[in-house]
Undergrad: 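One structure is given below, represented as structure tokens, and several questions about it will come after.
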2 protein chains.
Amino acid sequence: MNMGFLGMCSVQQGSLDYRVCGVITSMAGQNKEKKRYTIRDIAEMAGVSRSTVSLALNDSDKINAKTKAKVMEIVERVGYRPSAIARSLVRQQAGVICVILPQIGHVVSDFYFSESLSGILDVVTAHGYHLVVEMATPEFKTGKKALALYRQRVMDGVLCVGNLTTDTYLTELAEAGCPVVLVNSVLGNLPAIIGANRQAAYRAVKHLAKLGHRRIGHIRGSEFVATAIHRTEGYLEAVRALGLEESDELLAQGYFDRESGYMATKWLLSHSRRPTAIYSVNDMMAIGAMDAIREAGLRIPEDIALFGGDDIVLAQYVTPKLSTIRQNMYLIGQLACERLFDILKDKHSEVYEEVELELVIRESCGANKSSR
Amino acid sequence: MNMGFLGMCSVQQGSLDYRVCGVITSMAGQNKEKKRYTIRDIAEMAGVSRSTVSLALNDSDKINAKTKAKVMEIVERVGYRPSAIARSLVRQQAGVICVILPQIGHVVSDFYFSESLSGILDVVTAHGYHLVVEMATPEFKTGKKALALYRQRVMDGVLCVGNLTTDTYLTELAEAGCPVVLVNSVLGNLPAIIGANRQAAYRAVKHLAKLGHRRIGHIRGSEFVATAIHRTEGYLEAVRALGLEESDELLAQGYFDRESGYMATKWLLSHSRRPTAIYSVNDMMAIGAMDAIREAGLRIPEDIALFGGDDIVLAQYVTPKLSTIRQNMYLIGQLACERLFDILKDKHSEVYEEVELELVIRESCGANKSSR
DNA sequence: TTGTATGCGTTATCAA
DNA sequence: TTGATAACGCATACAA
């Protein structure tokens, strides 16, 4: 981690002149292992058979109202709930969706994680399913943990958030029969919901072009991240379609973090004819670009315009505020999850769907100056 | 939402001159419902009984090595994995821990969510359990969904992240016999892991006092959030212990967001003798305080010092950078989860444990100027 | 309305 | 000693 970017910062561990810290043990002793009733217990208490209880629980009309009421009264009184495990066993489905997340450290943009999870969770809950979370660690991938999970019937289907284009463990999983939907990524012809990044990038570049920019630099991202690839494609398409300057000197490589954005920008500025605007694949690199631009003694609205991507919270707090591409991860998560349930229900064919993204144009980052 | 604070910002929906957007359907047709083997299938294929297969799977020594090898060869070849559902049924435990999260919108600080979840997930995985996620919506609480989940045997224990002090649904759950551990909160005498916020706040105030501040304002948070209560207690203890000025005029009420921090600070500054430093219970309100301080024509390092709490990412990006209290949510999540497994194993007595927090002293927010 | 088989793995018991 | 048999855990579907 590059602490240089974080500025001077000292961290103080606790001093000894305060004594709250420690362990306090209380003996109130709850958790006294209350009995959990089974359908047998209820049947006995009601003086009926287990099947009758089952019918009552499922509000069947093959049972007379009085019996049903009597059973349900007991059910409510003792707080009986049928075992989800036993139910899963007969129904031959777990009632569980698994979401595979990138390793936390890699989840750069603030909302990516929480928003997509939120969208997924809402849909999963609405379908009466549960959501289990797994993390795509190297061991998880190479150990084929996902496949094991499916074969163990732990889950009925999988959502994968922001996987790499090299994650073949997912295609294997799908080939084994497990429904898989990708959230904001692409892999083979697996069903996927993803933002229309080509389109958004195209429009970002077009926006800069409209302001008079002809020489627009670009900081691309890793070659294994589909959204980044698409954005770079959109940039290239726009450059060609709009007849802007096209050159290798305008194409820098970054790896999504601030440091690499800084380095990429230094490189872009090192050429004799430097760009008048820079479109970065994500916000963090654009923030790194700010560092490099300032270091070169250039002013950001006046000398170089900036455009980022992802609309992380920081984008509105840096000075100048960053123009960027907003991806509605909540929506993407929701849609992906709905798609998964479609597949779960009637074994749909694969679907690759793009969700429109918004441009967020903020003042004073140069993306709204028609200076040239 | 107060857009005023976010600054001017226009959002552009897609134009029509680009045509990527849409749905592309491919017919590759995976998901062809591969057969999932059961222990019966394996037994037949190996020409042994089901119990023999079970013994082989569990690497028992009551079975001769050759038979075991033969069975396992088949198991590996066809990729058989015993059903977690059937296993759960006989073992009488789900092998699932449930984490209840606050509603996403309320999870203000960036890392609170992802870091604690990450710590929990690591421990849950290490114990061979699975993690299901639920969100503490109003319906979830009032509908006693957690209790139902426990009675349905969906989960063996519960971790709750950042609950309110009014969430009695959790005590009910615990009284029904479900092991519950609170992550960074307090409720009755439920087991809990929480940061040593009193201590940290005390040290933050002491730090300001050492720099010469005698009149330190404080922005408190909601009365239902334990961590905020503790910090305010720590502030008060420090004020008394160090003989600083104590006054109602120095105690402002906020609700964790930028807007209320702004309002609280305006109020603090409205009194004839304004504070020379402000300690806010969290960072977002401290950032709101910056707005108010600047609006009042005051300079932040020189006229008023600032100290926040939580160490959100933003804290290092605002100008000046914020001094703050860092809570290691990864660690707190881990510890809480370990505690839960302790309880699961031998029905421990309740434990309330505090984890030491760090002060993060950053340049130029006034918390390092010994000006007076 | 109820008895019974089913789903799948584990374990105690019993036979070879 | 090794392996086969049966009962168990819990809810549901279906025939009786």
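Just so we're clear, the structure is a prediction, and the values are computed from it rather than from any experiment. Throughout, a chain's letter reflects where its sequence line sits, starting with A, and its residues are numbered from 1.
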Undergrad: Nucleotide range of DNA chain D contacted by chain A, 5' to 3', under 4.0 Å to a heavy atom?
TA: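 It runs D:dC10 to D:dA13.
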Undergrad: Answer yes or no: is there a side-chain heavy-atom contact under 4.5 Å between B:Tyr80 and A:Arg151?
TA: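 B:Tyr80 vs A:Arg151: side chains apart.
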Undergrad: Show me, pair by pair, the donor-acceptor contacts under 3.5 angstrom made by side chains of residues 121-130 of chain B, not counting sequence neighbours?
TA:
from: B:Asp122; atom 1: OD2; to: B:Tyr330; atom 2: OH; distance (Å): 2.4
from: B:Thr125; atom 1: OG1; to: B:Leu121; atom 2: O; distance (Å): 2.7
from: B:His127; atom 1: NE2; to: B:Glu338; atom 2: OE1; distance (Å): 3.3
from: B:Tyr129; atom 1: OH; to: B:Gln93; atom 2: OE1; distance (Å): 3.2
from: B:His130; atom 1: ND1; to: A:Glu134; atom 2: OE2; distance (Å): 3.3

Undergrad: Could you work out, with side chain to side chain donor-acceptor pair (under 3.5 Å) as the rule, every residue matching B:Asn163, not counting sequence neighbours?
TA: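 Testing B:Asn163 for side chain to side chain donor-acceptor pair (under 3.5 Å), a comparison that skips the adjacent residues, returns B:Ser185.
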Undergrad: Going from CD on B:Gln152 to NZ on B:Lys145, what distance comes out if it is rounded to the nearest 0.5 angstrom?
TA: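 The NZ atom of B:Lys145 is 10.5 Å from CD of B:Gln152, to the nearest 0.5 Å.
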Undergrad: Going by number, which of residues 63-79 of chain B have a non-hydrogen atom under 4.0 Å from DNA chain D?
TA: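 Residues of residues 63-79 of chain B under 4.0 Å from DNA chain D: B:Ile63, B:Asn64, B:Thr67.
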Undergrad: How would you list, by chain and number, every residue that makes a side-chain contact (heavy atoms from CB on, under 4.5 Å) with A:Ala146, sequence neighbours excluded?
TA: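 Checked A:Ala146 against side-chain contact (heavy atoms from CB on, under 4.5 Å); matches are A:Ile100, A:Phe140, A:Tyr169, A:Leu173.
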Undergrad: Could you work out, with side-chain contact (heavy atoms from CB on, under 4.5 Å) as the rule, every residue matching B:Thr168, not counting sequence neighbours?
TA: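 Testing B:Thr168 for side-chain contact (heavy atoms from CB on, under 4.5 Å), a comparison that skips the adjacent residues, returns B:Thr171.
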Undergrad: Find the bend of the helix from C:dT1-D:dA16 to C:dA16-D:dT1 as the angle between its two terminal axes (five pairs each), to the nearest 10°.
TA: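 For the helix from C:dT1-D:dA16 to C:dA16-D:dT1, the axes at either end differ by 60°.
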Undergrad: Could you pull out all residues at least two apart from A:Thr166 that satisfy side-chain contact (heavy atoms from CB on, under 4.5 Å)?
TA: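 Testing A:Thr166 for side-chain contact (heavy atoms from CB on, under 4.5 Å), a comparison that skips the adjacent residues, returns A:Leu164, A:Phe224.
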Undergrad: Output all residues satisfying side chain to side chain donor-acceptor pair (under 3.5 Å) with A:Thr52, sequence neighbours left out; order by chain, then residue number.
TA: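 Side chain to side chain donor-acceptor pair (under 3.5 Å) check on A:Thr52 returns A:Ser49.
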Undergrad: List the steps, then state whether salt bridge (Lys or Arg N to Asp or Glu O under 4.0 Å) holds for A:Arg40 with A:Glu44.
TA: CA-CA 6 Å; A:Arg40 278 189 150 85; A:Glu44 269 179 39; over 6 Å; no
Undergrad: Does B:Lys144 have more than 12 heavy atoms from other residues, nucleotides or ligands lying within 6.0 Å of its NZ?
TA: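 Atom NZ in B:Lys144 is not packed in, count stays at 12 or less.
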Undergrad: Residues two or more places apart in sequence or in another chain: which of them pass side chain to side chain donor-acceptor pair (under 3.5 Å) with B:Lys68?
TA: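 Partners of B:Lys68 under the side chain to side chain donor-acceptor pair (under 3.5 Å) test: B:Asp59.
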Undergrad: Once each nucleotide of nucleotides 5-16 of chain C is scored for protein heavy atoms under 4.0 Å, what B/S/- sequence comes out, 5' to 3'?
TA: --BBBSB-----
Undergrad: Assign A:Val48 to base, sugar-phosphate, or nothing according to its heavy-atom contacts below 4.0 angstrom with the strands shown.
TA: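 Sugar-phosphate, backbone atoms only, no base.
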Undergrad: Taking side-chain contact (heavy atoms from CB on, under 4.5 Å) as the test, write out the residues that go with B:Glu76, two or more places apart.
TA: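 For B:Glu76 the side-chain contact (heavy atoms from CB on, under 4.5 Å) partners, ignoring immediate neighbours, are B:Met72, B:Arg81.
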